[in-house]
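Inspection log for the structure reproduced underneath, given as structure tokens.
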Amino acid sequence: MKIVIAPDSFKECMSSPQVAAAMGAVVRERWPKAEVVELPLADGGEGTLEVLAKAMKATPVTAPVHDPLGRIIEARYAIKGDTAVIEVAQAVGLSLLAPGERNPLKASSAGLGELLMAAYDQGCRHFIIGMGGTATCDGGAGMLSATGIQKLHDARLELLCDVDAPFLGPRGAARVFAPQKGASPEDVEVLEARMREQAKQLYAQTGLDVSDIPGAGAAGGLSGALMAVFGAQTYSGIGRILDLVCFRDAIKDADLIITGEGKSDAQTLMGKVPMGVLNNASGIPVALLSGRIEDRPALEQAGFGPIVEVTPRSLPLPLALDPKRAAQNLSQAILGLA
């Protein structure tokens, strides 16, 4: 029997490799004769660096950069040959700010430019960039102000996106994502106007109108700026990561795949990690174990099964987010699969 464990992270409490390791330990206990493959995944958001660095055997590196509010921090990235794995959240992530500090009117993407240049100065010319989890919505203006950033014209940039939002409009960076980053309704209108002006400047500079391009609104418009100025290519985050971790080779001859995330609902079907796993499972049964399960009929209809809610509904959130308790709940959920 072969079982492949391919989860996303449980976000606040456990990273993807931690989830995979916790699941793997219980699966080996429950099925001691099974071949167990741990294959932690991400979709381009937070956790992408950890997942790809492990899969690619890349060397971890740090560089001093400015966070979204201009404070010096040490941001992590990884290098394999001339390839750099970059996670934008390491430099300009929402998780770098306290709840009371979140303000996309003030938050700058300059730190990402500094991180890119740090990798460039290390000899990297191929960049794999996870685009999720930013605190910014400046259309890449801060990033483009970084010293030496124009050197990236001779680099190849791959943008791993978990959303297909355009730069502007009702589904764009400001209107959809800025409220999640601390913007009020009034702030959103200011940000949309700024993004519109940024789109005009990018068009004047490069001849590319990013306003309506799917994916250009990812990471507060950073994706659109990188596309326009440096010819970056966008990819489905989970799709590209499945390729990079050699997912199809890993699941060969598997009898069961176990995936999961913090919360599964109808949005899971829109390119999140579990849906990417299911779409590439080649007919192998895919069990879904997530902290919270909503929209169960839609998930069942998609083809997941069995579907298990890991966290008891009666458990208070602070306890549910405790890593030790999360691991215990995972263990109980996996034992319930048999």
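Here the structure is a predicted model, which is why all the values come from computation and not from measurement.
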For the student: nearest non-hydrogen atoms of [X] and [Y], plus distance:
| X | Y | answer |
| --- | --- | --- |
| Ser15 | Glu50 | CB-OE1, 3.3 Å |
| Val26 | Ser331 | CG2-OG, 3.0 Å |
| Thr136 | Lys181 | O-NZ, 2.7 Å |
| Leu39 | Ala250 | CD2-CB, 3.9 Å |
| Ser223 | Cys161 | OG-SG, 4.1 Å |
| Val92 | Ser108 | CG1-O, 3.6 Å |

Taking C-beta and beyond as the side chain, do [X] and [Y] meet within less than 4.5 Å on heavy atoms?
| X | Y | value |
| --- | --- | --- |
| Leu191 | Pro104 | yes |
| Pro285 | Ile257 | no |
| Arg156 | Arg125 | no |
| Asp209 | Phe167 | no |
| Gln201 | Gln205 | no |
| Lys33 | Met1 | no |
| Tyr77 | Leu115 | yes |
| Lys80 | Thr59 | no |

Name the residue from Val19, Thr311, Asn329 that meets the side-chain contact (heavy atoms from CB on, under 4.5 Å) definition with Phe10.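 Between Phe10 and the candidates, side-chain contact (heavy atoms from CB on, under 4.5 Å) is satisfied uniquely by Val19.
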Please list all pairs meeting ring pair (Phe, Tyr, Trp, His ring centres under 6.0 Å) that have one or both residues in residues 108-134, counting only residues at least two apart or in different chains. none
Check whether Glu87 reaches the backbone of Leu49 with its side chain - one donor and one acceptor, N or O, closer than 3.5 Å. yes
Say whether, by atom type as modelled, one donor and one acceptor occur between the side chain of Gln90 and the main chain of Ala75 under 3.5 angstrom.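 No: the side chain of Gln90 does not pair with the backbone of Ala75.
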Run the side-chain contact (heavy atoms from CB on, under 4.5 Å) test on Leu202 and Leu208 for me, step by step, so that the C-alpha distance in whole Å, both residues' side-chain angles and the decisive distance to 0.1 Å come before the verdict. CA-CA 7 Å; Leu202 291 172; Leu208 180 66; over 6 Å; no
Under the salt bridge (Lys or Arg N to Asp or Glu O under 4.0 Å) rule, collect the residues that match up with Asp67, sequence neighbours excluded. Arg71
Return the set of residues passing salt bridge (Lys or Arg N to Asp or Glu O under 4.0 Å) with Asp295 (not counting sequence neighbours), or none when no residue passes. none
ILVMFWY cluster, Leu112 and Ile149 together (side-chain gap under 4.5 Å): yes
Run the side-chain contact (heavy atoms from CB on, under 4.5 Å) check on Met143 and Leu226 step by step: do they pass? CA-CA 9 Å; Met143 179 266 296; Leu226 290 166; 3.5 Å; yes
For the residue pair [X] and [Y], confirm or rule out a side-chain donor-acceptor distance under 3.5 Å.
| X | Y | value |
| --- | --- | --- |
| Glu261 | Ser290 | no |
| Glu46 | Ser95 | yes |
| Ser16 | Asp8 | no |

Heavy atoms from other residues, nucleotides or ligands near [atom1] of [X] exceed 12 (cutoff 6.0 Å):
| X | atom1 | answer |
| --- | --- | --- |
| Glu74 | CD | yes |
| Arg76 | CZ | no |
| Glu29 | CD | no |

Checking Arg194 against Glu189 for the salt bridge (Lys or Arg N to Asp or Glu O under 4.0 Å) test, could you report, in this order, the C-alpha distance in whole Å, the side-chain angles of both residues, the deciding distance, and whether it holds? CA-CA 9 Å; Arg194 288 184 184 177; Glu189 297 308 313; over 6 Å; no
As a quick check of understanding, evaluate side-chain contact (heavy atoms from CB on, under 4.5 Å) for Ile5 and Val36, giving each step before the final call. CA-CA 7 Å; Ile5 300 169; Val36 180; 3.7 Å; yes
Pair Arg292 + Asp265: basic N to acidic O under 4.0 Å: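 No salt bridge links Arg292 with Asp265.
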Before giving the answer on side-chain contact (heavy atoms from CB on, under 4.5 Å), spell out for Gln198 and Leu144 the whole-Å C-alpha distance, their side-chain angles and the decisive distance to 0.1 Å. CA-CA 11 Å; Gln198 176 70 347; Leu144 292 173; 4.1 Å; yes
Criterion salt bridge (Lys or Arg N to Asp or Glu O under 4.0 Å) on Lys252 and Glu35, from CA distance to verdict: CA-CA 12 Å; Lys252 186 177 180 181; Glu35 176 187 355; over 6 Å; no
Step by step, work out the salt bridge (Lys or Arg N to Asp or Glu O under 4.0 Å) result for Asp243 and Arg248. CA-CA 8 Å; Asp243 289 339; Arg248 290 169 185 82; 3.2 Å; yes
